[in-house]
Amino acid sequence: PFILAIAGGGSTYTPGIVKSLMVRLADFPLAEIRLYDIDEARQNTIAPVVEKVIRDHSQSIKFTVTTCPETAFSGAHFVFAQMRVGQYKMREQDEKIPLRHGVVGQETCGPGGLAYGLRTILPMAELIDLVERYASPKAWIVNYSNPAAIVAEGIRRLRPNARVLNICDMPVAAMRNMGAILGVDRHKLDVDYFGLNHFGWFTQVRVDGEDKMPELRRHVAKFGLLTEDAAQTDPQHADPSWVKTWRNIQPMMDCFPEYLPNPYLQYYLMPNQIVEHQNPDYTRANEVMDGREKKLFAAAVEYQKTGILPDAFHVGVHGAFIVDVACSLAFDLRQRHLVIVENQGAIANLPDDAMVEVPAYITANGPEPVRMGKVPLFHQTLLMQQLASEQLLVEATLEGSYEKALQAFTLNRTVPTMAHAKAILDEMIAANRDYWPEL
Ligand code: G6P
Ligand code: MN
């Protein structure tokens, strides 16, 4: 049985991940779960909920809650990482500062994502070092930390040999919806996909060898990438703002006559429509703080008082996916999943060193990417611009370069002019003074 540490233990995602682990104990046996966080108070609030989830399934799994890296990682076989540097207060800034300039305000896309990247790259490298110091030498870090594209590039530059697999639940959430549309379980789908994280396309969707793309596209053109029962299977991505996000795929379809775009492309391809419908005083960070966060914290208090745990956290693809990936790493299952890897030819007409999102077979030694071939000129061009923006952002972080940060902001498709880029960057420098390296 494995020792698993969750870095970012105080996240409101933790109970859902642990629930997913509990229903898969036969496939992924656990001796111990350790929660690790630098925010002790927050983690201590979440921990009793997590303990209850464990005890409902197992009396024997050891449960440890700590802020000490040595206690957290000593001898660990797996680390699930989900750090949010600056927490939701800083996500709020990432979203609101660009909106004040009429630019998309989003957690991982546009200036918000770049700002979040500047906060996260160096702490991520520190976390990797702590894990490498204490954990089992063959330990894997399965990393959900956002902004995943930039974090992956930062890790590639700073810790190229680390055993880290960067993942995102967006493609798999889209596949869950595709399965619902087609009336099959998402595990039955065999897909091809290429792109960068939060910036890519499904090119093929097969069920038992049969091409389902035409049927899917017909549904998406009418209803978006969505079915009515989405709320039951994945409550997080069924919030009203997520429903809007899944629907917004519709207007992009004409641009991509054969593929299905990742919903996140809407921020780059139709930024004006997005900004028009964003409230600069109340963004997604506010929704999450007032919704998901409050609900779970209230439930934790209620549970402490009454011993009854209200239904207050999300169990869905997010947790199921990281457990799938960990199983495949642990037992060399060679399952095919969409993950973030160094390109090395997987997308023939993108640079070898780009961190791309493609299907890969997950072995005990890591991912073996599938070759997606050459991508069309239009997609390649969009990808190259986004890649340049993200790589320049990483260089800005490592070199403390204001010029490169400004270039990264200017190249981002959500940002209309260099003047916008500069105004937003300068406000963000002030807002992030406790977190960013000096530029
Ligand atoms: C998806 C993405 C994550 C992102 C999340 C935001 O799951 O893959 O990268 O963090 O959505 O969701 P939220 O409910 O916090 O807005
Ligand atoms: Mn993601």
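Excluded from the calculations below are hydrogen atoms, water molecules and symmetry mates; all remaining heavy atoms, backbone and side chain alike, are included. From a predicted model like this one, the values you see are computed outputs, not experimental measurements. Quick note: residue numbers are just sequence positions, from 1. Ligands are counted one by one from 1 in listed order, and the atoms in each one are counted from 1 as well.
Close contacts between ligand 1 and Arg284 involve ligand atoms 13 (P), 14 (O), 16 (O) [criterion: under 4.0 Å to a heavy atom]. Per-residue contacts place Arg91 under 4.0 angstrom from the following atoms of ligand 1 (heavy atoms of the residue considered): 13 (P), 15 (O), 16 (O). The atoms of ligand 1 that sit less than 4.0 Å from any heavy atom of Cys168 are 8 (O). The distance from ligand 1 to the heavy atoms of Asn146 drops below 4.0 Å at these ligand atoms: 3 (C), 4 (C), 9 (O), 10 (O).
Counted by atom type alone, Asn286 and Glu92 present one or more donor-acceptor pairs between their side chains at under 3.5 Å. No hydrogens or angles considered: nothing links the side chains of Gln391 and Glu395 as a donor-acceptor pair under 3.5 Å. Using a 3.5 Å distance cut-off with no hydrogens or angles, the side chains of His57 and Lys19 do pair a donor with an acceptor.
Contacts of His314 with ligand 1, taken as heavy-atom pairs under 4.0 Å, are absent altogether. The residue Tyr144 has no part lying near ligand 1, judged by heavy-atom distances below 4.0 Å. For Tyr264, every heavy-atom contact with ligand 1 shorter than 4.0 Å involves the side chain, none the backbone.
Side-chain contact between Asp56 and Met22 is absent, with no heavy-atom pair separated by less than 4.5 Å.
Residue Arg84 has no nitrogen or oxygen atom sitting less than 3.5 Å from a nitrogen or oxygen atom of ligand 1, judged on distance alone. Below 3.5 Å of separation, one finds an N or O of Arg292 facing an N or O of ligand 1.
In this structure, Phe223 and His219 have tilted ring planes: the angle between them lies in the 30° to 60° band. The aromatic rings of His198 and Tyr264 sit parallel to each other, their planes meeting at less than 30°, with 60° as the upper class boundary. Relative ring orientation between Tyr259 and Phe194 is described as perpendicular, the plane-to-plane angle rising above 60° on a 0-90° scale split at 30° and 60°. Aromatic ring pairs are classed by plane angle as parallel below 30°, tilted from 30° to 60° and perpendicular above 60°; the pair Trp201 and Phe256 is perpendicular.
Using a 4.0 Å cutoff on heavy atoms, His198 counts as a contact of ligand 1.
Ranking protein heavy atoms by distance to atom 5 (C) of ligand 1, first place goes to Gln236 NE2, 3.7 Å. Ranking protein heavy atoms by distance to atom 11 (O) of ligand 1, first place goes to Trp242 CZ2, 3.1 Å.
Comparing heavy-atom distances from atom 10 (O) of ligand 1 across Met170, Glu107, Gln82, Gln106 singles out Glu107 as nearest. For the residues Asp169, Val288, Asp239, the heavy atom positioned nearest atom 8 (O) of ligand 1 is part of Asp169.
Draw a line from the Mn ion (ligand 2) to NE2 of His198 and another to SG of Cys168, and the angle between them is 90° (to 10°).
Other residues, nucleotides and ligands contribute over 12 non-hydrogen atoms within 6.0 Å of the CG atom of Leu158.
Geometrically, Arg84 engages Tyr88 in a cation-pi contact defined by less than 6.0 Å to the ring centre and at most 45° from the axis.
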